[in-house]
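Worksheet: one structure, shown below.
Quantities reported herein were computed from a predicted structural model and do not represent experimental measurements. Note that these values count all heavy atoms, side chains included, but never hydrogens, waters or copies made by symmetry. In what follows, every chain begins at residue 1, and chains take the letters A, B, ... in the order their sequences are listed.
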Amino acid sequence: MLQLQVIREEKDNIIKALKKRNIDAESMLNGVLLLDEKRRATQTRLDNILAESNKLSKEIGMLFKSGKAQEANALKEKTSTLKDESKQLGEDLANTAEELQSLLYQIPNVPHHLVPAGCSEEDNEEVFKEGDIPKLVDNALPHWELAKKYDIIDFELGVKIAGAGFPVYKGKGARLQRALISYFLDKNTNAGYTEMQVPHLVNEASGYGTGQLPDKEGQMYHVTADDLYLIPTAEVPVTNIFRDTILQESDFPIQYTGYTPCFRREAGSYGAHVRGLNRLHQFDKVEIVRVEHPNNSYDALDAMVEHVKDILRDLKLPYRILRLCGGDLGFTSALTYDFEVFSTAQDRWLEISSVSNFETYQANRLKLRYKDENGKSQLAHTLNGSSLALPRVLAGILENYQTEKGIQIPEVLVPYCGFDLID
RNA sequence: GGAGAAAUGGCAGAGUGGUCGAAUGCGGCAGUCUUGAAAACUGUUGAGGGUCACACCUCCGGGGGUUCGAAUCCCUCUUUCUCCGCCA
């Protein structure tokens, strides 16, 4: 959520920057400013009435104490009109505040100046590319065929138990999955991230805190009996650790990592691009989250990008990094780098990580602040990234590491797997 | 799931209708003393709105109610603790 004060001061710049998202925000922002003014005016009137009535109440108290009941009762009558007025104004205020709030929820984050304008993923900007695309055997297979051939992932079995998009990993497939999780977590903790295990269901307030609610509730599984949501990413529970928190400057940097399954309804997805592991309702992901001083958040973003690069180098997977354009940028993000692994057998790039700086956008919703050197509260910056999302990494490994003898295991994973070949 | 108790500032803990945004202690910060530190002493120390700055307003788990006036009384929800039951 954007800060009101910033909208007041930099409306024109915000409008300009939001054009990169192909949004004309002018009328929305004007609406915000109008409501803001109305809210403050109402608040002032209400405050004055409350002040008056507080004063009278005190006087009444004094009069009763000194035995002047008659005068006190006379004053009581005066307060009743004030009471009516304040009740009315209180309702007005609540309505205006709610209207203002819901309008603010509709405005996405302001893109960073590096974000290119653009409409779709076509316009994302490739900023880095590394790793050799392997020469595969003739008749190389896509991962869903390999999964079947080596009996390591059973999609049909998942359909039977839960539905499409809930695969069952078997034998060496399951072990490889677990190996990846352990390896990612070790890699992250060695880089200074503290490992956290967090709930896989969250309440409504947490959904609002990181921005999944109110707009994207259709993407989350909602447990209505208890009004809880299955997490679509560890970002939600981990970042919400800091909801309603005031940090000291000395608390920075905060670096957390966590493994969780992720649940996404993915309503409306279909076709070849969702085959196999490409898009699932349940998948595993290891996430990194940082809370930073505003002065340091872009250095932190760079560090996160370098960290993910390092992992992909370890795995020896060919990848590229895209800077997302305004049209593809997530609602809450100011700047996002997507990592994509090249899937040789599918001849396409698969997104395996998304690393973002949200600046104060989430912090404002979370009320995540720190005390600056003058002792004043300021909003912190939040960042997160996948390191990494499992299924597509697995797809990339299966496809890129296939040989005539079987699927080789990347060297760094062999100690975690206990085998070096799936055959 | 059943019975009982409780929820107050960073923490501990007073406060049962007006003078309470809230005693006191600890912690934090600043100062005095000291070569420096510790101890001791003095002062200061919640959040939000509002204002050029004050004033002023709101917040004592959440929501609602009674009252001229609520941390304090009533209703409701949530959470925590104790006992019982069930259980990985």
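A40(B) sits 33 Å from A47(B) when the C1' atoms are compared, rounded to a whole Å. Nucleotides G4(B) and C77(B) have their P atoms positioned 14 Å apart, rounded to a whole Å. Separating the C1' atom of U45(B) from that of G10(B) is a span of 11 Å, rounded to the nearest Å. Between C41(B) and C26(B), the distance separating the two P atoms is 9 Å to the nearest Å. On the C1' atoms, G48(B) is 26 Å away from G43(B), given to the nearest whole Å. Rounded to whole Å, the separation between the C1' atoms of G69(B) and G61(B) comes to 23 Å. Atom name P, nucleotides U35(B) and A23(B): the rounded distance is 38 Å, in whole Å. The separation of A3(B) from U67(B), taken at their C1' atoms, amounts to 34 Å, rounded to a whole angstrom.
Residues Tyr298(A) and His112(A) bring their aromatic ring centres within 6.0 Å. Ring to ring, Tyr370(A) and Phe252(A) are close: their centroids are under 6.0 angstrom apart.
The distance from atom CG of Asp244(A) to atom P of G48(B) is 11 Å, rounded to the nearest whole Å. Nucleotide A47(B) holds its C1' atom 17 Å from the CZ atom of Arg243(A), rounded to whole Å. Distance Asn203(A) CG to U79(B) P: 10 Å, rounded to the nearest Å. Atom CD of Gln248(A) is separated from atom P of G46(B) by 13 Å (rounded to the nearest Å). Taking atom CG of Leu63(A) as the reference point, atom P of G69(B) lies 16 Å away to the nearest angstrom. One can place CD of Glu204(A) at 19 Å from P of C77(B), the figure rounded to the nearest angstrom. The distance from atom CZ of Phe64(A) to atom P of G18(B) is 14 Å, rounded to the nearest whole Å. Regarding Lys376(A), its NZ atom lies at a distance of 12 Å from the P atom of A47(B), rounded to whole Å.
Both Met62(A) and Leu56(A) lie close to RNA chain B; mapped to their nearest nucleotides by heavy-atom distance, the more 5′-ward contact belongs to Met62(A).
When both pairing distances are held under 3.5 Å, G43(B) makes a Watson-Crick or G-U pair with C29(B). Pair assignment for G21(B) gives none, since no Watson-Crick or G-U wobble pairing has each distance under 3.5 Å. Pair assignment for U67(B) gives none, since no Watson-Crick or G-U wobble pairing has each distance under 3.5 Å. Checking C56(B) for Watson-Crick or G-U wobble geometry (two distances, each under 3.5 Å) identifies G49(B) as its partner. Look at C81(B): its Watson-Crick or wobble partner, with both distances under 3.5 angstrom, is G4(B). Pairing for A38(B) is absent, with no Watson-Crick or G-U wobble pair whose two atom distances lie under 3.5 Å. If you check G9(B) for Watson-Crick or wobble pairing at under 3.5 angstrom, you find it has no partner at all.
Side-chain atoms of Thr239(A) never come within 3.5 Å of backbone atoms of Thr210(A) as a donor-acceptor pair (strictly under, hydrogens ignored). Lys285(A) places no side-chain N or O within 3.5 Å of a backbone atom of Pro261(A) that could act as its donor or acceptor partner. Side-chain N or O atoms of His281(A) include one that pairs as donor or acceptor with a backbone N or O of Arg264(A) at under 3.5 Å. Although no hydrogens or angles enter the test, the distance criterion places no donor-acceptor pair under 3.5 Å between the side chain of Arg290(A) and the main chain of Ile254(A). Between the side chain of Asp328(A) and the backbone N or O of Leu324(A), no donor-acceptor pair lies under 3.5 Å.
The side-chain heavy atoms of His200(A) and Leu230(A), taken from C-beta on, include no pair separated by under 4.5 Å.
Ser377(A) comes within contact range of the sugar-phosphate backbone alone, with a heavy-atom separation under 4.0 Å but no base atom that close.
For Lys371(A), a side-chain nitrogen or oxygen approaches OP1 or OP2 of A47(B) to under 4.0 Å.
Applying the salt bridge (Lys or Arg N to Asp or Glu O under 4.0 Å) rule to Asp186(A) yields no partners; only residues at least two apart in sequence or on another chain are considered.
Residues from residues 358-370 of chain A that place a heavy atom under 4.0 Å from any atom of RNA chain B, listed by number: Arg369(A). Interface residues of residues 74-93 of chain A facing RNA chain B, ordered by number: Lys76(A), Thr79(A), Lys83(A); criterion, heavy-atom separation under 4.0 Å.
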May I have the list of side-chain donor-acceptor pairs in residues 49-62 of chain A shorter than 3.5 Å, sequence neighbours left out?
from: Asn54(A); atom 1: ND2; to: Leu50(A); atom 2: O; distance (Å): 3.4
from: Ser57(A); atom 1: OG; to: Ser53(A); atom 2: O; distance (Å): 3.0

Each nucleotide of nucleotides 54-63 of chain B classed B (base within 4.0 Å of a protein heavy atom), S (only sugar-phosphate) or -, in 5' to 3' order, makes --SSS-----
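Side-chain atoms of Gln346(A) and Asn278(A) form a donor-acceptor pair, as typed in the model, at a separation below 3.5 Å.
A tilted orientation is assigned to the rings of Tyr105(A) and Tyr208(A), their planes being inclined by 30° to 60°.
Listed by first then second residue, pairs satisfying side chain to side chain donor-acceptor pair (under 3.5 Å) with a partner in residues 21-35 of chain A read Lys11(A)-Asn30(A), not counting sequence neighbours.
No salt bridge links Glu37(A) with Arg40(A); every basic N to acidic carboxylate O contact stays at or beyond 4.0 Å.
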